[in-house]
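Each chain gets a letter, A, B and so on, in the order the sequences are listed, and its residues count up from 1. Bear in mind the structure is a predicted one, so any value in this text is a computation, not a measurement.
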There are 2 protein chains.
Amino acid sequence: MTISMYQASVPTFIRMLDNLAAILEKAAAHAEAKKIDPSVLLASRLYPDMFPLTKQVQVACDFAKGTVARLAGQEPPKYDDNETTIEALKARIAKTVDYVQGFQAAQFAGAEERDVQMKIRDQTLTFKGLSYLAHMALPNFFFHATTAYDILRHNGVEIGKRHFMGNP
Amino acid sequence: MTISMYQASVPTFIRMLDNLAAILEKAAAHAEAKKIDPSVLLASRLYPDMFPLTKQVQVACDFAKGTVARLAGQEPPKYDDNETTIEALKARIAKTVDYVQGFQAAQFAGAEERDVQMKIRDQTLTFKGLSYLAHMALPNFFFHATTAYDILRHNGVEIGKRHFMGNP
């Protein structure tokens, strides 16, 4: 009567990344309709020392791919942070979804007890897999996905909670 | 080699709610230092048809208590949405943490397969427990917690990701 670490992570990442791609699609349509340069949206931030939209999406992708890799005991792949268009960000999301979907549930066997290491700036943090997922990976992933949404909403893109949630 | 639905939900809610209370504490200190009426922060939104800070915190609390109640097969308690101060919001969070902490892991036995119903406006949505947690409860909870943080950041409160994450 339990769930696997795979079930607690992979479907959540895939659904949310798909929703994020759909939100970016709406942003592209909004920019075109309103004759807004899409790069203005990509560079938008909620505060000067917060990440802009582009970086929010990149980091959300990185937490998705990094989490599944680490829980499966693999080294996460590095993606260059070189996206300058909404299309390119959507492609990065698609590449991330492909990567996440490539994992099998069996690769997550014992992941809840696996030692997971994560470098943040100069620090190396070590977690057990479950603690990593519950207190680092999911909060960060949702943080960046939500802030991407919030930036677009703040800029008047006509999206709503249903786009963030997808069709649950 | 699996985890329980309790492990996949209760500790995450408690950690994040505690972090949210600490963020509100920082907001209160900021308002006092800058001679800002705290009610201005509480009424702030990222866009005119988004929820203000107060409602973001209320809804985050409601997803935490509603999720654990539903996963345990109970009816969630109703809290009045009557908070008008930062102190009152912190008290609501504390009440929610107490409620969530009151559950025992055994009450979540079989929760992944339990039919969970949730009313949203006129609709009643029905999920299996796992799908409810992964695709409805956690995304919504993190959405509102993150947007609360984003509203305060956007208003210049000096908080950072470390306050959102707590001390993982």
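- To the nearest 0.5 angstrom, B/K161 atom NZ is 3.0 Å from A/H144 atom NE2.
- Neither the backbone nor the side chain of A/Y132 comes within contact range of chain B; no heavy atom of the residue lies under 4.5 Å from a heavy atom of that chain.
- Of the listed residues B/L133, B/D49, B/N19, the one with more heavy-atom pairs under 4.5 angstrom with chain A than any other is B/D49.
- Both the backbone and the side chain of A/A134 come within contact range of chain B, judged by heavy atoms closer than 4.5 Å.
- Looking only at side-chain heavy atoms (C-beta outward), B/H154 and A/H154 come within less than 4.5 Å of each other.
- Taking every heavy atom of both residues into account, A/M165 and B/H135 meet most closely at CE-O, 3.1 Å.
- Looking at every heavy atom in both residues, B/Y47 comes nearest to A/R153 through CD1-O, 3.2 Å.
- Residue A/S131 holds its OG atom at 11.0 Å from CD of B/Q7, rounded to the nearest 0.5 Å.
- Using a 4.5 Å cut-off between heavy atoms, A/F143 contacts chain B through both its backbone and its side chain.
- Separation of the A/F142 and B/F141 ring centroids does not fall under the 6.0 Å cut-off.
- Contact detail for B/I3 and A/T2: the closest heavy-atom pair is O-CB, 3.0 Å.
- Between the OH atom in B/Y149 and the CG atom in A/L46 there is a gap of 10.0 Å [rounded to 0.5 Å].
- Annotation: side chain of A/T147 is in contact with side chain of B/T146 (closest heavy-atom distance under 4.5 Å).
- Residues B/L138 and A/T12 have side chains not in contact (no heavy-atom distance under 4.5 Å, counting atoms from C-beta outward).
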